[in-house]
Amino acid sequence: MDALTLSVLQALVVGLGAPLLVGTLRTLKARLVGRRGPSPWQPFLDLRKLLGKTPVVSETTSWIFRATPYVLVGAMLVAALAAPVLTSRPPLAFAGIILLMSLFLLGTFFLALAGLDAGSAFGGMGSSREVAVAALAEPTVILAVFALALRANTTNLGGIVERVSAEPLLAVNPAHLLAFAAFFIVMLAETGRLPVDNPATHLELTMIHEAMVLEYSGRHLALVEWASAMKLLLFLTLLANLFFPWGVPADVEPPAMLLGLLALAGKLVLLAVALAALETAIAKLRLFRVPELLSGSFALAVLSVSAVFLLR
Amino acid sequence: MAALVYTLTALLGAAAAATGVAGMLGASWAVDVDWLVPLGGLALEMDALAGLFVALVGATAVPASLYAIGYTGRERRGCLAYLVFVAAMLAVPLAANVMTFALAWELMSLASYVLVLDGARAGREPAASAHAGWVYAVMTHAGLACLLAGMLLLTAWTGSARFADWTAAAPALDAGARSLAWALLALGFGAKAGGVPLHVWLPLAHPAAPSHVSALMSGVMIKLGVYGLLRASFVWLAPALPWWGATLLLVGAISAVAGVLYAIVDRDLKRLLAFSSIENVGIVLVGTGAALTFAATSMAGLALLALAAALYHVVNHAAFKSLLFMAAGGVLHGTGTRDMEALGGLIKRQPWTAACFLVGAVAIAGLPPLNGFVSEWLMFQALLQNVLLPQPSLNLVFALAIAGLALAAGLAVACFVKAFGITFLALPRSDAAAAAHEAPVTMRVAMVATAVACAALALGASSIVPALAVVAATLVPAPPPVTLGAWLTLEVSGEFASLSMPAVALALAGGILLPVLLLAVARVRPRPRRYETWACGRLLQTARMEYTATAFADPFTRVFDFFYRPVKRLDIDRHPESRFFVRRIRYENPTRFIVDEWLYRPVGRLLRAAARRVAVVQSGSPNLYLAYVLAALLLLLLVA
């Protein structure tokens, strides 16, 4: 299969899988607290509704505000091509974690600017908090994946998947466990889940991401929500395929990739159940306790990198 | 007249850039004029490393000089000092003996000192500016004293003031002597580069200078400190000892984190950029330190990779930092203030300046597809391979440096969201910002050209990195660390890592266009409606409702309070009749600098106390002074 077909396929899987993942999470959370909840396909209906609505754009804003949703979706689509989703040889096969995180940060950068652009205190507050969380989370993700990269002797994400899956005793490797713990915590922060941010709230005192995108409406909001869903899917995929690298095919032929897709779907469902259970069980942290959580995970990541050196 | 001088400087810069590139490609030459200066004569020598820095100074001086024509307008003061400044910076990398080097170095420092004072006089805070000039002068000369001490020691030990003779004689010196000389030279060059804790002059002097000078000071002058470090560590005093590299790694990591932490909380646009220069010099120092450590443990291939990454970041930082300083100068030119709390909304009044600043911000924040991202990526690839080093203690130093760089990279994004967002977006926070005017055409041309250079440096990584590796290979001979694959992919150390910037840029362009096309095909075209910002139904939107620069940085002051040690002073002056009537509220939260408080103030107090003790001999009585002369004479006779 050539790179272009693979790109289209992988972008489709991520682009269409993301709203489904968000819908599944919502359904699971509703079931866990005893509600019936909406169907997992609900986010698609939401997106269609938003696309049909007239966007309201503040007079205070500049071209940054209108360009941001497109830059955001663009960055996530490139990230979708760079991550090992269906196979360990994604279309941008050279990609490492630095490229992937920088793409996420590119989205955060523009979204934070858009939050400031409308000139309301809500947007500014959201932007300030979002970049604070991202600035502390990004190094942790990079370090946690470096801990894997050092063992695999390549920073190429696909290469990590292939070499780590060949290691028999993942579960007893302290570097692996530490890196997993660090990555899991920052995944919650990066994708705006509990206990860092609450994706279901619009209470201004606690919210981060939702405050930043408060001014968006219509198709702009649809693009922003779609991009956030893709980011969640990509983070969970990284967690699934880097730390539990089983069932990720190395070749790019249809039968193997179908198996890869099934394996990924299975792992994502398991992660979604875990995430839903976690979000049901815990409460949101006070905003200024969040940095403690993040610095804790940063420390875990530094330890995991050090563990690689000390346990050679 | 001033325009003529600036044009001349631009031409000088262009010529120097061409000569420098020729030097990088191997056209080495030497000039000796024995009679011109005492103690060894004037000696210039071009080699690949000197060529790179000459090209860098020259290429940065071209847009900066063009920019100066519009920026200074009819102001004539400072143009000659500017010419001398650029010429001296061009001479520093070429100097081939101690005397030539000291002259060029001091001329560069003095010219920039004059320019800082000039800019300071034009500013509105004369007291702060005089302080800036004073600190700059003291730190520069303390640095020069260290440099001269190191160089004179080497001259005494090797019996020659020519640098080429040092290289030949250094391996025969014992390790302690080389380490002493290295420490002195590193202190001197480190002070010029702005590594923590020798950085204190940088955030004072760079904002005070006129913006085209700030662009050169931050873009290239501090890089000459890096040049000196490279020259001293890899050429004059080679072979390196492992602790040199480890020291630089730690200093670099600390500088990177501390620099960006100070940058985040600063509300002065140009001072924020100056602090961010400390961060970037930290990144370069980490690369240099890594290269030295690898070289000292005889891993030449990795040393070459780390050195190429450091040089690439030097070049990239020169491009985006001069761009940012020029754009900040555009803001200052258009509004008359650098205080971010008085800016805002400039993107509508200054679209060109805003777009250029945005390009610089994306580049310096290390985001794809611009150049800052590529050099940080390369730096990480070099650092990560320390896993091949056998000593666990060195591995841990590397792990700390990697963690520091990763943290600094994340914080830099936050810092430049603030710098761009508060300055250019939302509503203007003052009348000056509301009445801002766009920069004149020469300034715009200079900024756009530099912005294009930032993109070109990223997309052309596949030809620039190998070229820099060739320069680096003159310091640590090794086979090229990167190979090129399909799609101009840079492949580092075989399969270790790879990156293709053209593919990333193309994918990004496609990714951004895709939703546009999809929406057009799906005929999702309800026209956006313009309306006011939503804020809980309030009637009027004013700039006072916006988030301020200080508020934006507040999460960071809380998270890193062990570093900032913030103080708050709140004075409420109440009416004597009733405490419910407040007459005046005074609130301050000054930034504290722990390096100043814990290092420089005690040292300054000690020096002052010592000076007071010594001042006892200066009584004012001529008879006593004659007695001193007699005593000195007798002492000399006795000793001799």
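Chain identifiers are assigned alphabetically (A, B, ...) following the order of the sequence lines, protein sequences preceding nucleic acid strands; residue numbering begins at 1 within each chain.
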Quick one: what part of [X] sits under 4.5 Å from any heavy atom of chain A, side chain, backbone, both or neither?
X	result
R530(B)	both
L427(B)	both
L499(B)	both
L519(B)	side chain
L400(B)	neither
F373(B)	side chain

Decide yes or no for [X] and [Y]: does some side-chain heavy atom of the first lie under 4.5 Å from some side-chain heavy atom of the second?
X	Y	answer
F109(A)	V362(B)	yes
F552(B)	S127(A)	yes
L77(A)	I512(B)	no
L508(B)	L103(A)	yes
I402(B)	L143(A)	yes
F424(B)	I64(A)	no
Y547(B)	S128(A)	yes

task: Give a yes or no on whether the backbone of G119(A) and the side-chain of E546(B) come within a donor-acceptor separation of less than 3.5 Å.
output: no
- prompt: Within the side chain of T60(A), is there an N or O that forms a donor-acceptor pair under 3.5 Å with the backbone of A426(B)?
  reply: no
query: Yes or no on side-chain contact (heavy atoms from CB on, under 4.5 Å) for Q381(B) and T155(A), after CA distance, side-chain angles and deciding distance?
result: CA-CA 8 Å; Q381(B) 307 311 336; T155(A) 60; 3.2 Å; yes
Between CZ on residue R529(B) and OG on residue S217(A), distance to nearest 0.5 Å: 8.5 Å
